[in-house]
There are 2 protein chains.
Amino acid sequence: MAAAAVGTAEDRTISRKIGQPPTRTKCPAPFLLKTYELLEFVEEEEENYSGKNKVISWNEEGTGFVVWSPAEFSELMLPKYFKHNNFSSFIRQLNTYGFKKVASKRWEFSHEKFKRGSKHLLGKITRKKSDSSAFPAYLKPSDHIMAAKEENNITLQLLMEENQNLRKERLELQMQIAHFKTLETKLMDCLSQYVGNQHNKVRRLF
Amino acid sequence: MAAAAVGTAEDRTISRKIGQPPTRTKCPAPFLLKTYELLEFVEEEEENYSGKNKVISWNEEGTGFVVWSPAEFSELMLPKYFKHNNFSSFIRQLNTYGFKKVASKRWEFSHEKFKRGSKHLLGKITRKKSDSSAFPAYLKPSDHIMAAKEENNITLQLLMEENQNLRKERLELQMQIAHFKTLETKLMDCLSQYVGNQHNKVRRLF
DNA sequence: GGGAATATTCCC
DNA sequence: GGGAATATTCCC
């Protein structure tokens with residue numbers, strides 16, 4: 001039974017690594033590698049059995065691929081590479097990795113970085129977010145949590161601004177006071193010359 | 001190939017519903033149902049082949065089950081019910097649903113609501129949270145986001161306090177200044193009486 | 001097409 | 001044991 005599927009599944013342990021920088025070329029997702037190798041396989045095989053109808057193949061330009069017979073593909077090929085034989089699950093994965101259906105009358109799919117002869121580009125293909133790796137729906141950006149956070153941040157910023165202004169004002173007021181104190185002393189001294197030579201005597205007048 | 005596994009997989013479509021109230025008895029998770037039915041199956045079979053070594057069975061009291069031979073169980077039984085033949089994946093699921101290993105020397109597991117003859121309780125067994133249905137790890141309560149929020153709140157509170165103090169200080173300083181202004185006027189007036197009757201003449205001295 | 005639940009794998 | 005990534009299923 002599942003010998004083939006399990007075999008390919010275990011290939012994942014060979015080199016798949018998590019948490020590598022997304023900028024560097026990394027080990028492609030198992031799904032992408034298997035799909036690519038599946039296409040490589042049928043391409044090689046095609047030379048030997050050129051008489052048969054194709055089930056799946058690269059398109060003419062190698063910019064995408066066509067599933068010529070979804071029924072045969074699902075029943076015969078999918079289980080050799082994946083743990084199921086459902087065409088819809090295969091499509092779901094294609095969508096997850098950003099493939100586009102590029103023809104209305106046949107099952108042709110393409111992805112900018114999924115081309116014949118460019119296996120090295122597979123590592124650059126990423127899952128679309130929000131699969132469950134991203135935020136749950138009720139915590140997505142522009143939701144109310146985000147709004148609350150933003151509001152918090154705005155409050156914080158306003159407070160810090162006002163705070164800074166208040167400190168500045170305080171300094172100015174303290175300088176004014178220092179000036180008044182000096183002035184007071186001078187006035188007192190001056191006045192004491194008239195009233196009599198005692199500073200304290202003058203002070204008592206006010 | 002995967003005929004058996006796929007067959008059981010498709011049973012899920014029969015009646016499994018999502019989003020039902022968790023309080024009412026609902027359709028059990030596929031994993032639980034399959035594991036239970038697997039045990040039912042070996043129990044029936046046991047009557048016919050009582051001579052063979054058991055691979056898996058309910059324990060004596062029917063409060064749990066024992067995998068007597070993990071190797072045979074994984075290789076022969078798992079693929080008939082699941083899309084894999086890995087004992088560790090089976091264990092992972094048991095843990096997900098809250099089963100406990102209840103013996104140190106053999107693979108015996110139990111769960112309060114997983115008992116022989118009580119198939120109706122399966123619907124009450126739920127996945128442990130945080131599988132992806134709950135918050136992602138970095139958004140869980142008591143995690144650093146929570147800490148950050150808390151820190152944010154503390155910062156906010158401190159800022160508001162400081163703000164209030166600064167306003168109070170400002171008021172006091174303004175009152176001091178008002179006092180000095182009054183004082184200055186009085187001193188000027190007084191002094192001008194001595195220097196001559198012109199306030200402005202006195203001011204020019206300072 | 002894609003959101004979300006469950007399953008399987010991988011890793012600590 | 002369990003967190004987290006990927007895979008498969010189910011549903012809108």
Side-chain angles (χ1 to χ4, degrees), chain A residues 2 5-20 22 26-35 74 78-79 81-102 109 125-140, chain B residues 2 5-6 8-20 22 26-35 74 78-79 81-102 109 125-140 143:
Chain A
V6 171
T8 31
E10 281 173 356
D11 292 346
R12 297 177 199 176
T13 61
I14 292 173
S15 60
R16 178 111 192 111
K17 287 285 167 281
I18 296 173
Q20 291 182 358
K26 63 181 181 199
C27 179
F31 170 76
L32 298 170
L33 201 56
K34 289 180 188 176
T35 303
S74 304
L78 282 182
Y81 290 84
F82 305 101
K83 289 174 178 291
H84 65 87
N85 60 3
N86 303 307
F87 193 57
S88 59
S89 292
F90 179 69
I91 302 295
R92 185 70 195 85
Q93 283 285 65
L94 290 175
N95 286 323
T96 296
Y97 284 96
F99 283 74
K100 295 297 175 194
K101 191 166 183 292
V102 290
F109 298 90
I125 301 178
T126 56
R127 289 186 144 230
K128 286 198 267 185
K129 45 187 166 11
S130 104
D131 228 271
S132 88
S133 47
F135 297 97
Y138 51 94
L139 278 179
K140 281 249 174 53
Chain B
V6 171
T8 31
E10 281 173 355
D11 291 346
R12 298 175 197 175
T13 61
I14 292 172
S15 59
R16 177 114 191 107
K17 286 286 166 282
I18 294 172
Q20 289 182 0
K26 62 180 180 193
C27 178
F31 170 76
L32 298 169
L33 201 56
K34 289 181 189 176
T35 303
S74 304
L78 282 181
Y81 290 83
F82 305 101
K83 289 173 179 288
H84 65 86
N85 60 3
N86 304 307
F87 193 57
S88 60
S89 292
F90 180 69
I91 303 296
R92 186 71 195 84
Q93 283 285 66
L94 289 176
N95 286 323
T96 295
Y97 285 97
F99 283 75
K100 296 296 177 194
K101 192 168 183 290
V102 290
F109 298 90
I125 301 178
T126 56
R127 289 187 143 228
K128 287 199 264 184
K129 46 182 164 23
S130 104
D131 228 88
S132 89
S133 45
F135 296 98
Y138 51 93
L139 277 180
K140 282 244 178 54
D143 259 24

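Numbers restart at 1 for each chain; the letters A, B, ... are given by sequence-line order, proteins then strands. Bear in mind the structure is a predicted one, so any value in this text is a computation, not a measurement.
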B:K83 has a side chain; which of D:dT8, C:dG1, D:dG2 sits nearest to it?
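Taking heavy atoms from C-beta onward, the closest nucleotide is D:dT8.
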To the side chain of A:H84, which of C:dA7, D:dT9, D:dG1 is closest?
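Of the options given, the side chain of A:H84 lies nearest D:dT9.
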Could you give the [atom1]-to-[atom2] distance, from [X] to [N], as a whole number of Å?
X: B:K100; N: D:dG1; atom1: NZ; atom2: C1'; value: 8 Å
X: B:F99; N: D:dG1; atom1: CZ; atom2: C1'; value: 15 Å
X: A:K128; N: C:dA4; atom1: NZ; atom2: P; value: 14 Å
X: B:Q93; N: D:dT9; atom1: CD; atom2: P; value: 14 Å
X: B:N95; N: C:dT8; atom1: CG; atom2: C1'; value: 14 Å
X: B:F31; N: D:dA7; atom1: CZ; atom2: P; value: 21 Å
X: B:N85; N: C:dT9; atom1: CG; atom2: C1'; value: 13 Å
X: B:L94; N: D:dG2; atom1: CG; atom2: C1'; value: 13 Å

Tell me, do A:K100 and A:F109 make a side-chain contact under 4.5 Å, heavy atoms counted?
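No, their side chains stay 4.5 Å or more apart.
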Do B:T35 and B:F82 come close enough that some side-chain heavy atom pair is under 4.5 Å?
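Of all side-chain heavy-atom pairs linking B:F82 with B:T35, at least one is under 4.5 Å.
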N/O (side chain, [X]) to phosphate O (OP1/OP2, [N]) under 4.0 Å:
X: A:Y97; N: D:dA7; value: yes
X: B:R92; N: C:dC10; value: no
X: B:N86; N: C:dT9; value: yes

How close do A:P28 and A:L33 get, counting heavy atoms only, and between which atoms?
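Looking at all heavy atoms of both residues, the shortest contact is CG-CD1, 3.9 Å.
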Under 4.0 Å between any heavy atoms, over every strand shown, what does A:F90 touch: base, sugar-phosphate, or nothing? Just pick one.
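Contact class for A:F90: none.
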Flag for B:T96-B:R92: side-chain donor and acceptor within less than 3.5 Å:
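B:R92 vs B:T96: donor-acceptor pair found between side chains.
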Who passes ring pair (Phe, Tyr, Trp, His ring centres under 6.0 Å) against B:F99, sequence neighbours left out?
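B:F99 satisfies ring pair (Phe, Tyr, Trp, His ring centres under 6.0 Å) with B:H111, B:F114 once adjacent residues are dropped.
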